[in-house]
Every structure is written in C-alpha cells, then in structure tokens.
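Here's the structure we're looking at; comments come further down.
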Amino acid sequence: MREVKVGIIGLGNVGLGTLRILAENAAQIELKLGFRLSVRVVCSRNPAAKQLPDAFRDVPRTSDWKQVVTHPEVDIVAELVGGTTVASEIVQAAIANGKSVVTANKELMALAGAEIWDRAIAAGINLAMEASVAGGIPIHAVLREGISGDRIVALYGILNGTCNYIMTEIERCGADFAEVLAEAQRLGYAEADPSADIDGADARSKLAILAALAFGERITPDDIYTEGIRRISPVDFQYAERLGHTIRLICAARQSKQGLVLSVRPSLIPRGTILASVQGAYNAVWVRGRYGEDTFYYGKGAGPEPTGVAVVSDLMRVAREIRRGSPERVSPFAHERLGEYRPIPVETQKSAFYLRFRVKDRPGIIATLGRILADRGISIDAVLQLPSDSKDDLPFVITLERSREAAVREALEQMRTLDFMVEDPLAMPMETAL
Ligand SMILES: NC(=O)c1ccc[n+]([C@@H]2O[C@H](COP(=O)([O-])OP(=O)(O)OC[C@H]3O[C@@H](n4cnc5c(N)ncnc54)[C@H](OP(=O)(O)O)[C@@H]3O)[C@@H](O)[C@H]2O)c1
C-alpha cells in the first residue's frame, strides 16, 4: 500500500520525541494503519547538530522550512516550532501548498485557530492539533467526539505542569516560591524565562482552545481573566489546609445564566476533590455535562514523549484521512457565536473568597477591614490566624461568604491603601462547585 509522507519542522523537545516514537514504534504504527508513515525531510534552525534516531540518519535535513512546505513528496507538515510568528507562516504556507498540517502550537491555535481551520477546509486539507493542549491527554478527541453529544456545563482544568509542580512542591516541603521555582528550573520543569507559565498565559491559551471546543464559542485569550501564581506562599497552603482545602492554578470555563465565565487563577479547592490529588507536573481536565455528568481525564501534560504520542497519533489520523478521504471535514471552531455562551466578566459573578493579609500588628485591624467589607454588603465567614512570632509581618486570613467579585475587588482596592498593610492583600476564590 502507498505510504503517507511527512515533513517535520522543529527538532526540539517535541520534534525529537515525535521522531523517537516514529522510529521505535514504526512496525506497530504500520500495522495499525495498514500502510507506512515515512519521514521525507526534517528541519530546524541548526539541523546538522541534531542527534536523530538511526532510522532517520539519512533523511534530508534543512534549515529552510520553505523547502518542507513546498516539498513535492510531503503530504503532511508537522509544525513543532511554537510561537505565533514563524509558526504562523509555516502553517499558512503549508495550507497554501495543499499540505495537511499537524501542530502542537497552543499559542497559535488559541489566537487564530478558527481562521486557520477555515483556510484549511477551504483548501481541502486536514488539520490536527491534539498536542496543543495537555500534551499526553487526548482531550481534543474527547470534546470533539467522545462527549460531543452532551451539553457541557463546566470544564475545570489543571493545564500547566510547571505551575502544578511548583504549587505541589510548596505544599509538600513548605519552601518559598522563589526557591521552588529555581529547583524546577534546575530539573527542567520550568523554562529559563518562566513568565509564560507562572503568569498564566500558557494555561490561558489552552483554556481558550478547550472552552471553544467545549462550548462551541469563538473564544480568544483576551476573553479569559488571568492571574498567575507568583504570590502564593507556604502560609497560604497552611491556611488552606485549616479550611479543608488546597490551592491549584485552576482553569475554569463554566456556563452561568448570564453567559460563559472564563478564568485562569490560583484557587482554593476542597481537599476531597479529585483535582486536589493532581500532583507534580501532571495535568487534568474535569468536564461536567448536563446528561453524562462528570468525566475526568488525567495524564502527563508535557514532555517529549507524551506530547510526541499526541503528534504521532495526529499524524496517523490525518494519514488515514488522506488515504481514505474525509469529505466531512469540520472545524472544531466551526460554530458561530451562539450568544448563549458569550464570555462575561468574572467580576459579575458571586463566589466565596479567601483573603490573605500581611500586616503590622496593632489593635483594631479586623474591625477596620470588617467595616470596609460591611460597607459593600460583604459578609465575613471566618477569621483565621495561625501562631506567629512576627508582629511586623503578621499573616492572617479572612474568608468571605459568597460575594460579588466586583464588590470584593473594590474592598481590596481600599484595603491596600491602609498603613498597616505590609503588602497588597491576596484574594483567591474558593471553588465550591467541584
Ligand atoms: N515541550 C513540551 O512538552 C510541549 C508540550 C505540548 C506542546 N508543546 C508545543 O510544541 C511546540 C514545540 O515545543 P518544544 O518544546 O519542542 O520547543 P523547542 O524545544 O524550543 O523546539 C523548537 C524547535 O523549533 C526550531 N525552530 C525555531 N525557529 C525555527 C525556524 N525559523 N525554522 C526552523 N526551525 C525553527 C528550533 O530549531 P533549533 O533546535 O535548531 O534551534 C527547535 O528545534 C510549541 O508550540 C509548544 O508550545 C510543547
């Protein structure tokens, strides 16, 4: 049977992981497909320096991606470069040249996925992007096929392995954020510039894609309220534990009466919930449907091989479609805005909140904070103070009953100007729906 031919652009973590699997698992892939997947050309900025598996030692290498997207023999281009500049040119050029595309690029697909899919369909080529969210968890297939007959009510995810590693390490050993981040960088769990991970942008791109798939809505990263994890400290885990909770960077997309509420932010979640047991660099997605109710997906969110599996599986799916023809090619972003799911600001919603303060201790602090809250109709649920030696930097926590976020933010704005504050108060929602 005729083979399907692949060109791979990007020989970094994911590119090399993909090639390793294609080499080591070639026989089984061929048996499953009934034909061979053959790598015709590979490309990176400096391809000569790459150590490729023996099976691909003689495959032509180039540093010019244009040679791959115009290669007369290549059927599928794998874009494994990342970012939104060169990667976007590669994807557009591949489509224009009639090549099918497999991409692992969350940033690009979150920003321009709908347009790219429209172009791919118009050009009659196939596109696949499973590796772009949650690496080794086949969540695109779940949302597009497995549970597409359900009506999704909410989706909660732990979608950034770096953040989850850092949070669970702070929880486990009580070390400060900076110390744990440095260790994560040493172990390769965090990049030299970790900002895209720890400030939430990476998770936000992933949630934009998943929410678009789950709710049939056109969603861009700007629709998502985002906060990172830089301010989380060991003391927050101590207080969270007292409250029967832990803290995770939660990506949430849920339907409310008014519209779709989207956020990426550190949140308190009950210790008994399955999401609280997600440790280290693992990812998880929890989907709640009106009919099928709760389903949960768990696995490695990144890494050359888990992500490589997603890329290879996409190559196999696209190769099958090329061989058998797929007249029913449909964009997962195909839906027009339905209106019912339009994103709305998180400030309009009500939630229970955890407020953590660091103050210079003196009489009357609780009364002052209580007045600011009461002025806005916000009720205190509990006040917690663990023993502390320091009168100059005393941490304590106030939890709030369900309150409108806009009012809580107003109160925080006023509180941060008070002269006894050592730093701005930290506010996190307490997720009760999990
Ligand atoms: N790493 C993960 O675990 C993971 C998980 C899920 C999704 N992803 C996504 O997968 C994609 C790749 O990530 P990665 O971690 O593999 O990145 P990476 O290790 O930085 O690799 C990027 C590759 O792209 C090549 N490249 C950069 N600019 C190029 C250009 N102008 N022409 C040709 N090649 C170029 C680089 O070449 P040189 O090596 O020669 O410099 C490198 O081989 C990204 O979209 C990322 O978001 C990654």
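The basis for the numbers below is simple: all heavy atoms, side chains too, and nothing from hydrogens, waters or symmetry mates. The first residue of the sequence shown is numbered 1, and numbering continues consecutively from there. Owing to the predicted nature of the structure, the values given are computational and were not obtained by experimental measurement. First listed ligand is number 1; within each ligand, the first listed atom is number 1.
- Looking from atom 25 (C) of ligand 1 to the surrounding protein, the closest heavy atom is Gly10 CA, 3.9 Å.
- At least one heavy atom of Ala131 sits closer than 4.0 Å to an atom of ligand 1.
- With a 4.0 Å heavy-atom cut-off, ligand 1 is reached by the side chain of Thr307 but not by its N, CA, C or O.
- Taking any N or O of Val14, backbone or side chain, at least one lies under 3.5 Å from an N or O belonging to ligand 1.
- A salt bridge does not link Arg290 with Asp150: every distance from a Lys NZ or Arg NE/NH1/NH2 to an Asp or Glu carboxylate oxygen is 4.0 Å or more.
- Of the protein's non-hydrogen atoms, Gly82 CA, 3.5 Å is the one closest to atom 44 (C) of ligand 1.
- With a heavy-atom cut-off of 4.0 Å, Lys106 touches ligand 1 through its side chain alone.
- In this structure, Phe177 and Ile166 have side chains that are in contact, with non-hydrogen atoms separated by less than 4.5 Å.
- Counting heavy atoms closer than 4.0 Å to ligand 1, residue Val86 contributes side-chain atoms (C-beta onward) but none from N, CA, C or O.
- Of the N or O atoms in Gly12, one or more lie within a sub-3.5 Å distance of an N or O in ligand 1.
- Residue contact check: Cys43 has heavy atoms under 4.0 Å from atoms 33 (C) of ligand 1.
- Taking every non-hydrogen atom of Ala302 and a distance limit under 4.0 Å, the qualifying atoms of ligand 1 come out as 3 (O).
- Applying the 4.0 Å criterion to heavy atoms of Gly303 picks out, from ligand 1, the atoms 2 (C), 3 (O).
- Residue contact check: Lys50 has heavy atoms under 4.0 Å from atoms 38 (P), 39 (O), 40 (O) of ligand 1.
- Remark: minimum distance from atom 29 (C) of ligand 1 to any protein heavy atom is reached at Arg45 CG, 3.5 Å.
- For atom 17 (O) of ligand 1, the nearest non-hydrogen atom of the protein is Val81 O, 4.4 Å.
- Below 4.0 Å from some heavy atom of Leu11 lie the following atoms of ligand 1, by number and element: 23 (C), 42 (C), 43 (O).
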